[in-house]
Asks: 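The structure under discussion is supplied below as structure tokens; questions concerning it will follow.
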Amino acid sequence: MAEFLSLKEAVSKYIHDGDTVAMEGFTHLIPVAAGHEVIRQEKRDLTLIRMTPDLVYDQMIGAGCAKKLIFSWGGNPGVGSLHRLRDAVEKNWPNKLEILEHSHAAMANAYEAGAAGLPLAVLRGYVGSDLPKVNPQIRFIECPFTGERLAAIPSIRPDVAVIHAQRADRQGNVLIEGIIGIQKEAVLAAKRSIVTVEEIVDDLGASVNACVLPSWVVSAIAEVPGGARPSYTLGYYDRDNAFYKDWDAIARDRDTFLAWLKHNVIEKGAAS
Amino acid sequence: MAEFLSLKEAVSKYIHDGDTVAMEGFTHLIPVAAGHEVIRQEKRDLTLIRMTPDLVYDQMIGAGCAKKLIFSWGGNPGVGSLHRLRDAVEKNWPNKLEILEHSHAAMANAYEAGAAGLPLAVLRGYVGSDLPKVNPQIRFIECPFTGERLAAIPSIRPDVAVIHAQRADRQGNVLIEGIIGIQKEAVLAAKRSIVTVEEIVDDLGASVNACVLPSWVVSAIAEVPGGARPSYTLGYYDRDNAFYKDWDAIARDRDTFLAWLKHNVIEKGAAS
Amino acid sequence: MEFTSSEMMSITAARALSNDLICFVGIGLPSEAANLARLTHAPDITLIYESGTLQTRPDVLPLSIGDGELCQSALTTVSVPEMFRYWLQGGHISVGFLGTAQIDRFANLNTTLIGDYREPKIRLPGGGGAPEIATSAQEVFITVKHSRRTFVKDVDFVTTVGFGRDGKARDNVPNIGRGPTLVITDLCILKPDPDTRELVVTSLHPNVTREDVIEATGWDIRFADELEITPAPTHEELAVLRSLKERTHAHHSGQQ
Amino acid sequence: MEFTSSEMMSITAARALSNDLICFVGIGLPSEAANLARLTHAPDITLIYESGTLQTRPDVLPLSIGDGELCQSALTTVSVPEMFRYWLQGGHISVGFLGTAQIDRFANLNTTLIGDYREPKIRLPGGGGAPEIATSAQEVFITVKHSRRTFVKDVDFVTTVGFGRDGKARDNVPNIGRGPTLVITDLCILKPDPDTRELVVTSLHPNVTREDVIEATGWDIRFADELEITPAPTHEELAVLRSLKERTHAHHSGQQ
């Protein structure tokens with residue numbers, strides 16, 4: 001059953017140095033507050049997994065939490081580059097960052113296969129692409145029935161998955177609504193999971209086929225209103241598009257970034 | 001875009017002798033009225049695909065529509081055998097019926113892979129079972145990453161899929177709610193599809209992540225209130241459990257079955 | 001209190017369940033036992049039916065795994081592919097409940113046919129979810145009426161693996177559950193021998209003798225050294241079971 | 001009417017779309033063109049964004065493929081695995097719209113890096129959905145600013161296949177789409193030669209000369225025998241595009 005903890009306790013208990021961590025949310029419901037708590041607790045040598053790294057991983061990479069990144073599109077959507085990610089990859093700042101690069105389709109299938117308890121995912125992928133040349137995880141198999149050559153990749157099974165969701169009920173069941181992305185798959189594929197929610201309610205108000213995670217697949221739940229900002233939570237607050245634009249300038253320079261981090265993350269304790 | 005047709009026109013236009021036909025609905029939303037129309041139009045040499053054949057396939061097999069059945073559990077749930085199915089398999093009445101038998105997990109994965117446009121499905125299946133000895137479709141592959149031996153089966157891609165659903169809107173989009181079973185996968189995996197619905201409305205009233213099929217993946221929609229009876233449609237009518245029990249006696253004897261068929265199906269024209 | 005052998009089976013099976021279990025429930029006796037447990041000592045037990053209904057709390061026993069009430073009382077209802085890929089194959093099911101037509105000494109199950117596959121004397125419904133429940137659930141409970149018809153020396157067909165015809169089918173197969181850990185019949189309780197995996201009678205139901213079990217078994221059945229007696233059903237167990245079945249009967253026949 | 005080269009691109013791309021198309025839309029110019037088409041000559045065109053939003057009708061252009069408005073105006077929103085497995089790989093997408101940092105003569109695209117993979121001079125965002133959109137969509141439209149920076153003799157990295165470095169990458173590969181059929185830049189329209197697959201300029205935008213295109217291309221670009229002139233944007237096209245972009249700008253900067 002899911003444990004109700006503060007964000008601080010949840011991150012401290014369930015995320016350890018050296019873990020593979022998937023903090024998913026496809027533009028929507030990005031667990032940014034949890035990312036900030038990881039930074040505050042100075043976790044190190046993490047392998048970060050995320051289809052679209054977004055600002056939250058740019059900040060964690062810039063803060064030195066990560067030794068490796070597994071991703072499929074590393075930009076600031078509609079704005080430009082993620083400058084901390086580029087600084088790490090191009091200039092090894094603040095530390096060398098190993099990268100493992102896939103396509104979106106491959107990572108989506110890899111999470112799905114992870115949730116399905118399989119060791120591999122099979123897709124019609126990477127035809128004619130150079131990615132297999134730089135990513136040893138990408139293999140090809142032959143269909144035993146048609147002989148078709150299909151891509152095979154290892155399933156994603158992180159040590160811990162962190163997602164944000166609209167709400168949880170008092171038994172620890174979690175409702176995810178709107179762009180549900182890869183949230184369910186990340187939690188089911190992981191050994192441990194933390195879910196930050198906007199609120200804890202008596203009744204989820206879920207429709208008959210809604211995306212609901214039963215409490216017995218979640219390790220910890222933390223009530224963190226606004227836990228996705230500057231990303232958004234459908235039904236609660238909008239995406240702070242202006243901040244996504246402002247981030248370009250903040251992250252571009254190491255010192256401005258470090259100053260922003262100190263003021264907005266390090267010195268701002270999470271609700272303990 | 002989906003065409004609005006009468007049930008008679010839809011079956012006549014989209015189901016042809018010799019087709020592979022998947023009429024899915026996992027206990028819920030079984031397209032029984034469509035099955036009766038197939039019987040009335042005396043379709044022949046069909047390969048019927050259905051995880052749980054249920055009464056509708058028992059009737060179609062007894063009426064001589066099928067030359068082959070692909071299934072994973074062929075009983076009358078909570079009651080006993082499907083006697084027309086047994087008669088065909090054990091005594092070749094009314095005609096020889098070839099069978100290809102899978103497990104539920106295998107067929108569910110095969111439909112899913114069909115909807116995903118893949119030639120095969122991979123699952124941790126059939127460990128220690130004799131089914132691979134009697135079903136040449138079941139092969140085994142080795143995971144290139146872990147060496148684990150996994151089952152591989154051809155994906156299911158029927159000529160036509162038939163399902164029942166709660167409602168469609170005037171643009172031909174279809175809402176499926178409750179036990180949604182394998183409905184979406186059957187339609188997406190098929191070349192052609194017929195959807196019978198309880199009603200056609202202005203607004204589907206679908207929640208944000210509801211199971212909705214866009215009109216551009218459906219060939220024909222027919223408004224057939226009660227089209228699932230004696231199965232049921234959540235929000236419209238309950239399962240006629242009493243009839244499921246009565247069916248045991250009706251189907252047990254060939255003549256009683258033929259009499260029932262004549263009176264309740266052959267002579268009862270579908271809404272033309 | 002008078003009780004039938006079938007009641008004894010349901011009650012014994014229900015006792016084996018507990019609050020923290022996630023239970024994959026089949027139709028018939030498994031559903032009876034799981035809901036009885038939920039209505040008595042294990043109110044928080046999680047029941048899952050193959051049709052996609054997660055964490056459901058039906059008021060009456062479903063006639064099929066896809067009854068409407070299962071969906072309405074569920075936490076949510078997922079698609080059938082998701083049920084088999086994420087919830088079963090993903091390893092979340094602690095106990096898979098299975099019934100069977102035939103069972104052998106290594107708990108292999110036959111629900112496919114009696115006779116030869118090409119020309120079966122009797123064609124049975126088939127495996128359904130069982131073949132993968134048997135390997136993806138963390139452990140499996142089997143409930144079956146005890147007779148020479150069901151307890152056969154060799155099953156005509158291994159639809160669903162117990163431990164294989166030689167007891168070794170699960171040896172060094174990765175990522176699968178422990179297999180059958182409990183077989184409950186109307187006469188007794190059996191458990192697999194930890195080494196040979198052969199089923200051994202560990203407890204006789206009240207008023208059942210060794211001879212009754214020997215008589216009803218198609219192979220020379222083994223008995224545990226310390227053979228127990230299964231406690232008789234209590235008042236409460238029988239009362240709850242009977243009211244559940246009455247409610248169910250009224251509900252299913254009432255509907256037209 | 002005055003118009004910018006970027007407006008020319010969006011309008012030309014929008015003209016290539018029609019009511020019966022199911023369009024997989026990426027961020028930036030593809031989204032601009034697809035929504036412009038929907039607001040002008042193709043009101044029934046179906047737009048799908050990678051985030052899972054099926055058949056969406058946003059009032060403003062999304063800043064990202066996962067903006068809230070995409071979800072609220074969609075017929076329904078499916079999960080990301082389902083989007084890629086059923087809707088893209090399942091073959092339902094008629095046109096996949098892609099942008100790029102570099103393109104070569106066989107329409108291969110590089111969005112991964114400039115320089116060498118181990119120590120890239122410039123690390124770009126990566127492939128995202130493109131590698132599989134390029135092969136699972138029935139055909140692909142590419143929109144890219146025309147310069148020697150983008151139109152390079154050899155891309156530094158083939159993130160996403162056009163026709164391969166030799167033009168033959170799609171030959172006898174089963175179950176994939178036709179690949180790029182249209183490249184729209186701010187200077188011209190290019191189409192692959194039916195035999196060699198090499199991109200050929202088929203239409204020059206107004207006030208654009210052959211020399212402009214030659215000047216802006218890193219290889220010796222070929223021109224079609226009957227070279228056309230792309231019709232200039234109409235009043236309506238420019239008005240609708242500009243109001244769409246104003247609404248979008250107001251919406252995105254307005255929010256705090």
Side-chain angles (χ1 to χ4, degrees), chain B residues 1-3 108-123 154-158 161 165-177 180 182-193 201-219, chain D residues 17-25 38 42-49 51-58 66-96 129 132-138 173-177:
Chain B
M1 293 310 145
E3 234 185 316
N109 275 283
Y111 270 114
E112 200 275 345
L118 291 173
L120 82 164
V122 175
L123 72 152
S155 58
I156 293 176
R157 298 213 264 193
Q166 274 85 0
R167 45 189 176 276
D169 65 22
R170 302 203 190 289
Q171 291 72 39
N173 305 304
V174 172
L175 172 69
I176 308 166
E177 264 188 343
I180 56 177
I182 203 90
Q183 311 282 76
K184 178 193 292 189
E185 287 75 13
V187 167
L188 293 182
K191 299 181 191 62
R192 311 183 293 273
S193 59
V201 297
D202 292 330
D203 175 10
L204 288 177
S207 55
V208 66
N209 298 115
C211 179
V212 177
L213 295 177
S215 60
W216 35 275
V217 296
V218 175
S219 314
Chain D
L17 299 175
S18 57
N19 265 329
D20 56 352
L21 291 183
I22 316 288
C23 219
F24 203 93
V25 193
R38 187 171 58 79
D44 298 331
I45 190 168
T46 301
L47 304 188
I48 293 184
Y49 286 80
S51 57
T53 57
L54 291 180
Q55 204 164 298
T56 180
R57 289 182 170 76
D67 275 23
E69 213 216 338
L70 291 177
C71 170
Q72 281 156 326
S73 71
L75 176 65
T76 191
T77 298
V78 302
S79 72
V80 160
E82 178 178 322
M83 171 54 72
F84 283 98
R85 283 179 70 82
Y86 290 4
W87 303 96
L88 180 59
Q89 191 176 260
H92 299 282
I93 305 299
S94 23
V95 172
E132 279 69 39
I133 291 170
T135 47
S136 290
Q138 287 151 33
V173 175
N175 306 317
I176 62 170

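Per chain, numbering begins at 1; letters A, B, ... match sequence-line order. Computed from heavy atoms alone, side chains included, the values below leave out hydrogens, waters and symmetry copies.
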Asks: In Å, rounded to the nearest 0.5 Å, how long is the span from CG of D/Leu54 to CH2 of B/Trp216?
Replies: 5.5 Å
Asks: Taking all non-hydrogen atoms of both residues, which atom of D/Leu75 and which atom of B/Pro214 are closest, and how far apart?
Replies: CD2-CA, 3.7 Å
Asks: Does the side chain of D/Gln55 reach to within under 4.5 Å of the side chain of B/Asn173, using non-hydrogen atoms?
Replies: yes
Asks: Could you tell me whether a side-chain N or O of D/Thr76 sits under 3.5 Å from a main-chain N or O of B/Cys211, the two making a donor and an acceptor?
Replies: no
Asks: According to side-chain hydrogen bond (donor to acceptor under 3.5 Å, both in side chains), does anything in residues 203-214 of chain B pair up with another residue at least two apart or in another chain? List the pairs.
Replies: A/Ser207-B/Ser207
Asks: Look at the side chain of D/Gln89 and the backbone N and O of B/Gly117, then say whether any donor-acceptor pair between them is shorter than 3.5 Å.
Replies: no
Asks: Between D/Ile22 and chain B, with a heavy-atom cut-off of 4.5 Å, which part of the residue counts as in contact: side chain, backbone, both or neither?
Replies: side chain
Asks: For the atom pair CE (B/Met1) and CG (D/Asn19), what is the distance rounded to the nearest 0.5 Å?
Replies: 8.5 Å
Asks: Tell me, which pairs form a side-chain hydrogen bond (donor to acceptor under 3.5 Å, both in side chains) where one or both residues lie in residues 79-88 of chain D, sequence neighbours left out?
Replies: A/Asn109-D/Arg85, B/Glu112-D/Arg85, B/Lys184-D/Glu82, B/Glu185-D/Tyr86, D/Glu82-D/Trp87
Asks: Go through the atoms of D/Thr46 and report whether side chain, backbone, both or neither lie under 4.5 Å from a heavy atom of chain B.
Replies: side chain
Asks: At a 4.5 Å cut-off on heavy atoms, which part of B/Val212 comes close to chain D: side chain, backbone, both, or neither?
Replies: both
